[in-house]
There are 2 protein chains.
Amino acid sequence: MKLTEAKQQFISSWGAFGTQWGIKRTMAQIHALLMVSAEPLTQDDIMEQLNVSRGNVNMNIRDLISWGLVDRVVMQGERKEYFTAEKDTWKVATQIIKERKKRELDPMLKLLSQLEIIEGDKKDKDVKQFIDTVSGIRKFGNQADKMLEMMVKADESWFLGGLLKIFK
Amino acid sequence: MKLTEAKQQFISSWGAFGTQWGIKRTMAQIHALLMVSAEPLTQDDIMEQLNVSRGNVNMNIRDLISWGLVDRVVMQGERKEYFTAEKDTWKVATQIIKERKKRELDPMLKLLSQLEIIEGDKKDKDVKQFIDTVSGIRKFGNQADKMLEMMVKADESWFLGGLLKIFK
DNA sequence: CTGAATTTTCAAAATAAATTGAAAACAATA
DNA sequence: TATTGTTTTCAATTTATTTTGAAAATTCAG
């Protein structure tokens with residue numbers, strides 16, 4: 001397979017993969033493009049390579065920056081802004097975990113702990129089922145939260161090498 | 001807070017949470033409703049409680065069954081079908097992991113390993129960056145795959161109790 | 001300050017995704 | 001087998017999301 005074709009397929013698949021996880025297709029594609037690009041790109045480069053509008057690129061780039069996955073790069077003597085993506089997969093993954101945890105998991109756990117405090121007879125089977133379900137999810141979520149917290153603080157070699165020992 | 005209100009809020013939040021992860025709002029809401037319901041429900045019960053159409057309920061119930069999260073229940077002497085959800089959070093979580101792994105992660109890893117085999121000078125910086133990125137993601141993905149594989153085989157007490165020791 | 005290059009914004013348009021509802025298929029009963 | 005209750009299907013519709021593109025704002029050089 002030729003590089004151009006492989007790039008194309010990678011970008012397109014990464015976009016499709018992203019949508020399955022609630023990430024906008026174009027955002028995922030821009031991210032993919034920057035990850036496989038050796039040099040930083042301008043908005044125009046991205047527009048051209050992905051065939052999307054200027055506004056679209058601009059907004060999604062800003063999102064990617066807010067996710068901590070893309071950085072602005074100043075090229076000496078150049079007027080235009082350049083953009084580059086973090087290439088280290090471990091850093092990318094932990095960054096995504098960190099952000100989704102902050103934006104989604106933490107608020108959800110906060111809500112669940114509030115929902116557990118409900119009026120009514122704890123002997124009533126509907127009340128009991130509600131509390132059991134919600135507290136079960138909350139406990140699991142809290143444990144997952146702790147695990148992810150430690151994961152983002154750990155380093156890659158732990159993940160690649162040490163993890164297997166856990167399961168013996 | 002009253003049970004009815006809490007249920008309402010749980011279902012609505014679970015639906016919103018789901019959409020952020022690429023799950024249809026109604027599917028997530030049906031799942032939420034069944035998880036907090038002590039008794040199995042019929043399609044009509046669900047239609048009424050969530051204010052959605054028969055077709056919608058039917059399709060999403062089938063999806064939930066295919067995800068292994070909901071079961072048909074035969075109520076003796078009843079003509080209608082009843083549905084119930086797995087209530088054990090650990091089982092729910094591992095089931096979702098198992099399915100998403102099978103449907104999304106595994107095919108992605110398969111694709112990535114194919115994309116690594118590209119023609120061209122490995123000294124070329126674009127070729128090198130492409131291979132490095134793709135193989136970095138693939139290696140990480142494979143490790144995550146292994147970890148999840150073991151997780152779904154482990155049991156809940158391991159997760160709740162034993163996991164912390166890992167990080168010492 | 002002026003003007004050209006560049007970035008940002010956002011209402012409108014296009015696209016994609018989810019939902020409806022009625023007809024068809026199916027299942028159980030008599 | 002005919003009737004009735006129930007489930008399933010899917011084309012049409014509605015709703016939600018994403019994208020566009022042109023105008024406004026910003027930035028920089030002279």
Side-chain angles (χ1 to χ4, degrees), chain A residues 11-34 40-67 70-84 103-104, chain B residues 11-34 40-67 69-84 100 103-104:
Chain A
I11 290 168
S12 141
S13 305
W14 203 245
F17 193 67
T19 57
Q20 294 190 296
W21 289 85
I23 290 145
K24 284 192 283 219
R25 186 183 310 284
T26 306
M27 178 165 152
Q29 288 187 346
I30 292 173
H31 186 220
L33 172 61
L34 289 172
L41 303 180
T42 64
Q43 291 196 171
D44 292 85
D45 294 334
I46 297 168
M47 285 168 65
E48 192 190 350
Q49 295 209 43
L50 301 181
N51 271 102
V52 290
S53 71
R54 180 175 306 286
N56 197 356
V57 170
N58 187 275
M59 285 173 139
N60 283 116
I61 281 275
R62 271 191 303 115
D63 265 356
L64 283 164
I65 291 172
S66 87
W67 276 81
V70 165
D71 289 314
R72 288 172 208 276
V73 177
V74 181
M75 301 292 264
Q76 65 112 305
E78 290 269 10
R79 176 81 172 272
K80 282 188 173 170
E81 286 183 315
Y82 282 74
F83 300 95
T84 189
R103 296 171 190 218
E104 297 157 23
Chain B
I11 290 168
S12 141
S13 305
W14 203 246
F17 193 66
T19 57
Q20 294 189 297
W21 289 84
I23 290 146
K24 285 193 282 218
R25 186 183 309 284
T26 305
M27 177 165 152
Q29 288 188 346
I30 293 174
H31 186 220
L33 172 61
L34 289 173
L41 302 179
T42 64
Q43 290 195 175
D44 292 86
D45 294 333
I46 297 168
M47 284 167 66
E48 192 190 352
Q49 295 208 42
L50 301 180
N51 271 101
V52 291
S53 71
R54 180 176 306 285
N56 197 356
V57 170
N58 187 274
M59 284 174 138
N60 282 116
I61 281 274
R62 271 191 302 117
D63 265 356
L64 284 164
I65 291 172
S66 89
W67 277 80
L69 298 170
V70 165
D71 289 315
R72 289 173 208 274
V73 178
V74 180
M75 302 291 263
Q76 64 112 303
E78 289 268 9
R79 177 82 172 269
K80 281 187 174 173
E81 285 184 316
Y82 282 74
F83 300 94
T84 189
R100 293 202 88 144
R103 296 174 190 217
E104 298 157 23

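Computed from heavy atoms alone, side chains included, the values below leave out hydrogens, waters and symmetry copies. A note on names: the letters A, B, ... follow the listed sequences, proteins ahead of strands, and every chain is numbered from 1.
Across the protein-nucleic acid pair, B:Ile46 atom CD1 and D:dT6 atom C1' stand 14 Å apart, rounded to whole Å. Between the P atom of D:dA22 and the CE atom of A:Met47 lies a distance of 11 Å, rounded to the nearest Å.
Residues that satisfy the side chain to side chain donor-acceptor pair (under 3.5 Å) test with B:Gln49, not counting sequence neighbours, are absent from this structure. Under the side chain to side chain contact (heavy atoms under 4.5 Å, CB included) criterion, A:Thr84 pairs with A:Pro40, A:Asp71, A:Val73, A:Lys87, sequence neighbours left out. Every side chain to side chain contact (heavy atoms under 4.5 Å, CB included) that A:Arg54 has, sequence neighbours left out, goes to A:Gln43, A:Asp44, A:Met47. Taking B:Asp45 as the reference, B:Leu41, B:Thr42 meet the side chain to side chain contact (heavy atoms under 4.5 Å, CB included) condition, with sequence neighbours excluded. Residues passing the side chain to side chain contact (heavy atoms under 4.5 Å, CB included) test with B:Ser13, sequence neighbours excluded: A:Met108, A:Leu111, B:Gln9.
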Protein heavy-atom contacts under 4.0 Å, written 5' to 3' over nucleotides 2-21 of chain C as B (base), S (sugar-phosphate only) or - (none), form the string --BBSBBBB-------SSBB
